[in-house]
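What follows is a set of notes on a single structure, which appears directly below.
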2 protein chains.
Amino acid sequence: MPKDRAPTRIQQKNRAAILDAALNVFSAHGYRGATVDQIATEAGLSKPNLLYYFPSKEAIHTALLTGLLEVWLAPLHELDENGEPLEEILSYVRRKLEMSRDLPRESRLFANELVQGAPRIHDALSSDLKKLVDEKTAILTRWMDQGKIARLHPYHLIFSIWALTQHYADFDVQVRAILGDEDPFEGAETFVDTLYRKLLTP
Amino acid sequence: MPKDRAPTRIQQKNRAAILDAALNVFSAHGYRGATVDQIATEAGLSKPNLLYYFPSKEAIHTALLTGLLEVWLAPLHELDENGEPLEEILSYVRRKLEMSRDLPRESRLFANELVQGAPRIHDALSSDLKKLVDEKTAILTRWMDQGKIARLHPYHLIFSIWALTQHYADFDVQVRAILGDEDPFEGAETFVDTLYRKLLTP
DNA sequence: CGTGAGTTTGACCAGATGGTCAAATCAAGA
DNA sequence: TCTTGATTTGACCATCTGGTCAAACTCACG
């Protein structure tokens, strides 16, 4: 394993290639379904070479998840108390939907992990995620108190946004099996827009 | 393997035990993450004994999925053109939510399969499921034409129901990490009820 | 009972898989 | 160029896993 000095050019390139390959493989097959060989091949390395950069399969998975959790929660971070309530929420929804369209692998990585009980990120859920959600639901509640949006259960409001937007990435095959050639995201965008406008209008 | 006569008492009992154990294991770990030994132990059988009843791991999985697809689609089947539109849709939503609460293993079984690209039920999706959905969206469209419910993209309306209801079973850990002790389904029920009332009112 | 079909199991196998290691190769600074 | 640390690899290992098989056991029924 490389000493912990400043990473060399090669180290940067290879670690990035490994994480990208791992994202492909883990998101498509889940943790257990992914093989180190597959990741190595996809990253253009031999298996021992890959294990020179990461000590184990699990280490790759953990590095991926923790690295992406930040990306994953960014849209919610941006929800701004000082903005116009309805517009703030709608653009959060829009950002989440864009992530489903542009980063479906990331969405499925988390979906795989969550649907199997989140054995490897359970802690992050009940600390980081919970904290962020509590912070933002407080804002939503204040908006409701001020009569700026309809009164709803704030947690379930957040859940609904996650469910509606991530559905298009996570269950992509199903969506496409039903829609055929139609682009899922065009319809989805106007649908969720209408939905939250109607729902949130007091 | 047993001859194809009428199944004996033992055969019935063991096949049922195997399928129930398999539902536990597959829904919790996905196809690849499940092991035959685990299923056998959970069913109270030895591995060779299990393989006396089902020829392979995949056969168990297929038997499960095909057997449960029917159960899974039943609520949508019940959507009745002759009923009162809003109430019909609301009770469909309610039935789906009840399934998430009462049959979370089934929900996660399909979620696992779908999120990984549905390699084993792709056909059923684009034939049976597609057919059923087309049939029911036609009803929805007619209701919209008659001005009985708001005009929306019917496919995305169905997707939204699936997403909102199954979310509580599939991502149960996440939901509970955020809600703490609060019962997810109580809040969910009133939330989705409000949501679809507002959304569907023309 | 006895007998034949139905049921169960211990021992075993082949392939897949995560991971190790010593040796070989490469790259950059002195 | 030479040296030293970084990088790469072929060979190898232990374990897990799906699946097989022949032998043993059990049960219903004549």
Side-chain angles (χ1 to χ4, degrees), chain A residues 1-65 112-113 116 119-120, chain B residues 1-65 112-113 116 119-120:
Chain A
M1 337 125 194
K3 302 285 162 60
D4 51 8
R5 304 182 187 160
T8 69
R9 184 176 35 88
I10 293 178
Q11 273 169 47
Q12 287 184 21
K13 199 193 80 197
N14 283 345
R15 290 183 68 97
I18 290 167
L19 288 176
D20 187 70
L23 177 55
N24 278 336
V25 179
F26 282 131
S27 68
H29 305 289
Y31 179 76
R32 194 66 160 47
T35 80
V36 175
D37 255 315
Q38 219 179 331
I39 299 173
T41 303
E42 199 141 326
L45 301 175
S46 64
K47 183 169 60 165
N49 197 8
L50 179 148
L51 290 168
Y52 169 74
Y53 290 99
F54 288 89
S56 69
K57 180 184 176 180
E58 182 144 16
I60 305 174
H61 193 244
T62 306
L64 247 194
L65 282 174
N112 259 303
E113 183 68 8
Q116 292 179 15
R120 275 165 279 272
Chain B
M1 339 125 194
K3 301 287 165 56
D4 51 7
R5 304 183 188 160
T8 68
R9 184 175 36 88
I10 294 177
Q11 275 172 44
Q12 287 184 20
K13 199 193 77 197
N14 283 344
R15 290 183 70 98
I18 290 168
L19 288 175
D20 187 70
L23 178 55
N24 277 336
V25 178
F26 282 131
S27 68
H29 305 288
Y31 180 77
R32 194 67 161 44
T35 80
V36 176
D37 256 315
Q38 220 178 330
I39 300 172
T41 304
E42 198 141 329
L45 301 174
S46 65
K47 183 169 62 164
N49 196 9
L50 180 148
L51 290 167
Y52 168 72
Y53 291 100
F54 287 89
S56 70
K57 180 184 178 181
E58 182 144 16
I60 306 174
H61 194 245
T62 306
L64 248 194
L65 283 173
N112 258 303
E113 182 68 9
Q116 292 180 16
R120 274 166 280 273

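Protein chains get the first letters and strands the later ones, always in sequence-line order, with residue 1 at the start of each.
Taking the side chain as every heavy atom from C-beta outward, B:Tyr52 and B:Asn14 never approach each other to under 4.5 Å. In this structure, B:His61 and B:Arg120 have side chains that are in contact, with non-hydrogen atoms separated by less than 4.5 Å. Looking only at side-chain heavy atoms (C-beta outward), A:Arg32 and A:Gln116 stay at 4.5 Å or farther from each other.
Residue A:Asn14 places no side-chain N or O under 4.0 Å from the OP1 or OP2 atom of D:dA6. At C:dG6, none of the side-chain N or O atoms of B:Arg9 fall inside 4.0 Å of OP1 or OP2 (strictly under the cut-off). Side-chain N/O atoms of A:Ser46 include none lying less than 4.0 angstrom from OP1 or OP2 on D:dT8. Dashed line: the shortest gap from a side-chain N or O of B:Asn49 to OP1 or OP2 of C:dT7 is not under 4.0 Å.
In this structure, B:Gln38 atom CD and D:dT17 atom P are separated by 8 Å, rounded to whole Å. One atom, CD1 of B:Ile10, and another, P of D:dC27, lie 7 Å apart when rounded to the nearest Å. Here C:dT17 presents its P atom at 11 Å from NE2 of A:His29, a figure rounded to the nearest Å. Between the P atom of C:dT7 and the CD atom of B:Gln12 lies a distance of 11 Å, rounded to the nearest Å. One interatomic measurement links the two molecules: CG of B:Leu51 to P of D:dT17, which rounds to 14 Å at whole-angstrom precision. Rounding to whole angstrom units, CG of residue B:Asp37 and P of C:dT9 are separated by 13 Å. Summarising the geometry, the separation between NZ on B:Lys57 and C1' on D:dT17 is reported as 8 Å, rounded to the nearest angstrom. Here D:dG19 presents its P atom at 16 Å from CG of B:Leu45, a figure rounded to the nearest Å.
For D:dG19, the base has a donor-acceptor partner in the side chain of B:Lys47 [N/O atoms by modelled type, under 3.5 angstrom].
Atom CD of B:Glu42 and atom CD1 of B:Ile39 lie 8.5 Å apart (nearest 0.5 Å).
Side-chain proximity of A:Tyr53 to the nucleotides D:dT8, D:dG19, C:dT8 is greatest for D:dT8. For A:Arg32, counting side-chain heavy atoms from C-beta on, the closest listed nucleotide (C:dT8, D:dC16, D:dT20) is D:dC16. When distances are taken from the side chain of A:Pro48 to each of D:dA11, C:dT17, D:dG19, the shortest belongs to D:dA11. Proximity note for B:Val36 (side chain, C-beta onward) versus D:dG18, C:dT9, C:dG18: the nearest is D:dG18. Among the nucleotides D:dT7, C:dT7, C:dG18, the one closest to the side chain of A:Gln11 is D:dT7. Distances were taken from every side-chain heavy atom of A:Ser56 (C-beta onward) to each of C:dG19, D:dT8, C:dT9; the shortest belongs to C:dG19. Ranking C:dT8, D:dA6, C:dA28 by closeness to the A:Tyr52 side chain, first place goes to D:dA6. Closest to the side chain of A:Thr35, from the set C:dT17, C:dT20, C:dT8, is C:dT17.
When all heavy atoms of A:Phe54 and A:Ala63 are compared, the pair lying nearest together is CE2-CB, 3.9 Å.
Taking the ring axis of A:Tyr31 as reference, the NZ or CZ atom of A:Lys57 stays within 45° of it and closer than 6.0 Å to the ring centre.
Within the nucleic acid shown, A:Ala40 has no heavy atom closer than 4.0 Å to any nucleic acid atom. Backbone-only engagement by B:Ala34 is indicated by non-hydrogen atom pairs under 4.0 Å involving sugar-phosphate atoms exclusively.
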